[in-house]
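Heads up: the structure comes next, in structure tokens.
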There are 2 protein chains.
Amino acid sequence: MKIGQVSEKSGLPTKTIRYYESIGLVAPAGRTAAGYRAYDKNDLETLKFIQRARSLGFSIQEVSALLMLWNDRNRASAQVKELAKRHVEEIDRKVAELQSMKETLSTLIDKCHGDDRPNCPILNDLANVR
Amino acid sequence: MKIGQVSEKSGLPTKTIRYYESIGLVAPAGRTAAGYRAYDKNDLETLKFIQRARSLGFSIQEVSALLMLWNDRNRASAQVKELAKRHVEEIDRKVAELQSMKETLSTLIDKCHGDDRPNCPILNDLANVR
DNA sequence: CTTGACCTTACCATTACTGGAAGCTCCATA
DNA sequence: TATGGAGCTTCCAGTAATGGTAAGGTCAAG
């Protein structure tokens, strides 16, 4: 398989696949005589794994750790669970922050009549005019 | 006021204040004879405004728009409201994405016994072993 | 034999900063 | 008066994870 095929099948842009190779997230691909990257089924599975982990919001660093655990037949599932739990906590933190922003904004939006008049509680709040 | 003072009072690092000047978000500060940046009360208010808008998650671009609206005595509050509403929608999208990730992960975490045994539903799912 | 799709590397841009180096300036203290 | 340290200056580089574009090589079809 050439990079276009694995891109199609993994859902990762070719650019991204080359990038992952360049940063050492995946081992350098084999090459054809012409210098094209050549992938086998195994490589594809790895890229799919990465794509799924990324889509769950794991950072490249975390994906790297997950890959190592995945390739370690003897790892304890506790390690993976721990990593996943920490990631969920991180997600929770982000959600809480966003919710808090939303709450403040929604309150301000409700107070703003939003017509042609210039008076605007949103700007007043940002300007700390209370 | 020198940059250290406005940094203190605005909650923005000096680095960040210089950065905002360099990208044109704020006008170049005045200078003392020695070449130090000199700020007045007005400059400080602008930086505080920016700090608050950023803390509500507005991008630099959006903050720039808000600043223009803030400085426009005749703007319609409808414009500000529109901008804020779009930002809230953006927040909603991010939250939904994070919630979806969290849901998937939580399900997997629950299924993983997390002990010394190597079998791990989390990795199995990432590897698409179903 | 040429066209067009696909591949290669290399470099710049993005977002919003943050860190560090090398060198001024200012003020207080010995 | 010298000196030391805090604070200021500019410039360069790096972060995460790509996206964009250029300039060029390769391959199969018509």
Side-chain angles (χ1 to χ4, degrees), chain A residues 1-26 28-40 43-44 46-47 49-67 87 90-91 93-94 97-98 101, chain B residues 1-26 28-40 43-44 46-47 49-67 87 90-91 93-94 97-98 101:
Chain A
M1 264 178 297
K2 281 181 289 183
I3 200 167
Q5 261 106 51
V6 283
S7 165
E8 188 79 15
K9 292 183 185 177
S10 67
L12 292 169
T14 59
K15 270 274 184 188
T16 300
I17 296 171
R18 291 194 199 97
Y19 170 69
Y20 288 165
E21 183 182 311
S22 81
I23 61 170
L25 180 63
V26 297
R31 297 289 179 138
T32 67
Y36 289 8
R37 281 175 184 78
Y39 297 89
D40 60 22
D43 300 328
L44 176 58
T46 301
L47 290 168
F49 180 100
I50 293 171
Q51 192 280 325
R52 285 187 212 104
R54 290 285 300 132
S55 77
L56 288 175
F58 287 102
S59 69
I60 299 272
Q61 285 259 340
E62 288 168 326
V63 172
S64 178
L66 286 170
L67 277 174
H87 182 47
E90 185 61 33
I91 290 176
R93 267 191 295 279
K94 283 183 189 163
E97 196 184 346
L98 289 170
M101 289 175 185
Chain B
M1 264 179 298
K2 281 181 288 182
I3 200 167
Q5 261 107 48
V6 284
S7 164
E8 187 78 17
K9 291 184 186 174
S10 67
L12 293 169
T14 61
K15 273 275 187 190
T16 301
I17 296 172
R18 291 194 199 98
Y19 170 68
Y20 287 165
E21 183 181 311
S22 82
I23 61 170
L25 180 63
V26 296
R31 298 289 177 137
T32 67
Y36 287 10
R37 283 176 184 78
Y39 298 89
D40 60 23
D43 299 329
L44 176 57
T46 301
L47 290 169
F49 180 100
I50 294 171
Q51 193 280 324
R52 285 188 213 101
R54 291 286 301 131
S55 77
L56 287 175
F58 287 102
S59 69
I60 297 274
Q61 285 259 341
E62 288 168 325
V63 172
S64 179
L66 286 170
L67 278 175
H87 182 47
E90 185 61 34
I91 290 175
R93 268 192 295 278
K94 284 184 189 162
E97 195 185 346
L98 289 170
M101 288 177 184

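Below, chain A is the first sequence line, B the second, and so on; all start at residue 1.
- Side-chain contact between B:I17 and B:Y39 is present, with heavy atoms from C-beta onward closer than 4.5 Å.
- Of the residues near DNA chain C, B:Q61 and B:A34, the one whose nearest nucleotide (by heavy atom distance) lies more toward the 5' end is B:Q61.
- Looking at B:I3 and B:Y36, their side chains never come closer than 4.5 Å, going by heavy atoms from C-beta outward.
- Judged by atom type and distance alone, A:Y19 does not reach the base of D:dG19 through any side-chain donor-acceptor pair under 3.5 Å.
- Two residues are said to be in side-chain contact when any heavy atoms from C-beta on lie closer than 4.5 Å; A:V26 and A:D43 fail this criterion.
- When heavy atoms are screened at a 4.0 angstrom cut-off, A:T14 is found touching no nucleic acid atom at all.
- The pair A:R93-A:E90 meets the salt-bridge criterion, with a side-chain N (NZ, NE, NH1 or NH2) lying under 4.0 Å from an Asp/Glu carboxylate O.
- Here D:dC12 presents its P atom at 12 Å from NZ of B:K15, a figure rounded to the nearest Å.
- Among the atoms of the strands shown, only primed sugar atoms or phosphate atoms (P, OP1, OP2) are found under 4.0 Å from some heavy atom of A:R37.
- At a threshold of 4.0 angstrom between heavy atoms, the contacts of A:T32 with the nucleic acid are absent.
- Here the C1' atom of nucleotide D:dT18 and the CD1 atom of A:I17 are 13 Å apart, to the nearest Å.
- Remark: A:T16 is in phosphate contact with D:dG19, judged by side-chain N or O atoms under 4.0 Å from OP1 or OP2.
- The distance between atom CZ of B:R31 and atom P of D:dC8, rounded to the nearest whole Å, is 12 Å.
- Of the residues in residues 2-10 of chain A, those placing a heavy atom less than 4.0 Å from an atom of DNA chain C are A:K2, A:I3, A:G4, in numerical order.
- Within a 6.0 Å radius of CD in B:Q5, more than 12 heavy atoms belonging to other residues, nucleotides or ligands are found.
- Between A:F58 atom CZ and D:dA17 atom C1' the separation is 17 Å, expressed in whole Å.
- Taking CG of A:L56 as the reference point, atom CD of A:E62 lies at 11.0 Å (rounded to 0.5 Å).
- Distance CZ (A:R18) to C1' (D:dT18): 13 Å, rounded to an integer number of Å.
- Across the protein-nucleic acid pair, A:Y36 atom OH and C:dC7 atom P stand 7 Å apart, rounded to whole Å.
- The separation between A:E21 atom CD and C:dT9 atom C1' is 12 Å, rounded to whole Å.
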